[in-house]
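Structure first, then comments.
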Amino acid sequence: VIAQQWSWTFVYPNGARVVGNLTVPEGGTIILNITSLDVAHSFGIADLSVGMDAIPGRTNTAWFEAPQNHVVYTIRCKELCGTGHAFMTAKLTVVDQVAYDSWYASLGAK
């Protein structure tokens, strides 16, 4: 997870980058490595009690169990980071494993 004023970029193991939407398979443990390119931010998914600071030059790790309910959650910055802070949101999309595998394959290796 890479934070920067005022967006979230999600980098997947194959190197693909997606801005504004983190897609994960349901029911598994999701491990996130979180950093920032510019100022201090804080990655948060309130509905899942997930929170971790995003600090320039540092990588912090957070994890959560992806629910099995195919819901879209809101990701927000929880650290005042400038004039666009209120708009620094993204989506967490939880899908079943088959849908995830298909979506992941469509990203292509980078």
Side-chain contact, heavy-atom cut-off 4.5 Å: [X] with [Y]?
X: V50; Y: W63; result: no
X: V11; Y: I2; result: yes
X: W8; Y: I75; result: yes
X: C81; Y: M88; result: yes
X: T74; Y: D47; result: no
X: N60; Y: R58; result: yes
X: V24; Y: L92; result: yes

Identify all side-chain donor-acceptor contacts of residues 94-101 below 3.5 Å with residues at least two apart in sequence or on another chain.
unit_1, atom_1, unit_2, atom_2, d
D96, OD1, V98, N, 3.1
D96, OD1, A99, N, 2.8
Q97, NE2, D101, OD1, 2.8

Checking S49 now: which residues fulfil side-chain contact (heavy atoms from CB on, under 4.5 Å) with it, not counting sequence neighbours? none
Under the side-chain contact (heavy atoms from CB on, under 4.5 Å) rule, collect the residues that match up with T61, sequence neighbours excluded.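 Result, side-chain contact (heavy atoms from CB on, under 4.5 Å) vs T61: I31, N33.
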Where do [X] and [Y] come nearest, in terms of heavy atoms and distance?
X: P67; Y: E26; answer: O-CB, 3.3 Å
X: N21; Y: T23; answer: ND2-OG1, 2.8 Å
X: A66; Y: P25; answer: CB-O, 3.3 Å
X: G84; Y: W6; answer: C-CD1, 3.1 Å

Side chains of residues 37-46: which donor-acceptor partners sit under 3.5 Å, not counting sequence neighbours?
unit_1, atom_1, unit_2, atom_2, d
D38, OD1, S36, OG, 3.3
D38, OD1, H41, NE2, 2.8
D38, OD2, Q5, N, 2.6
S42, OG, D53, OD1, 3.3

Indicate if L32 and V71 have the same hydrophobic cluster label, given that clusters are the connected sets of ILVMFWY residues with side-chain heavy-atom separations under 4.5 angstrom.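 Yes, it is one cluster - the side chains of L32 and V71 are joined through contacts under 4.5 Å.
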Filter on ring-ring contact (aromatic ring centres under 6.0 Å, His included), then keep only pairs touching residues 70-97, sequence neighbours left out; what's left?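 For residues 70-97: none.
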Would you list the pairs meeting ring-ring contact (aromatic ring centres under 6.0 Å, His included) in which at least one residue belongs to residues 9-37, sequence neighbours left out?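 Listed by first then second residue: Y12-W103.
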Counting distance only, does the side-chain N/O of Y104 pair as donor-acceptor with the main-chain N or O of N14 below 3.5 Å? yes
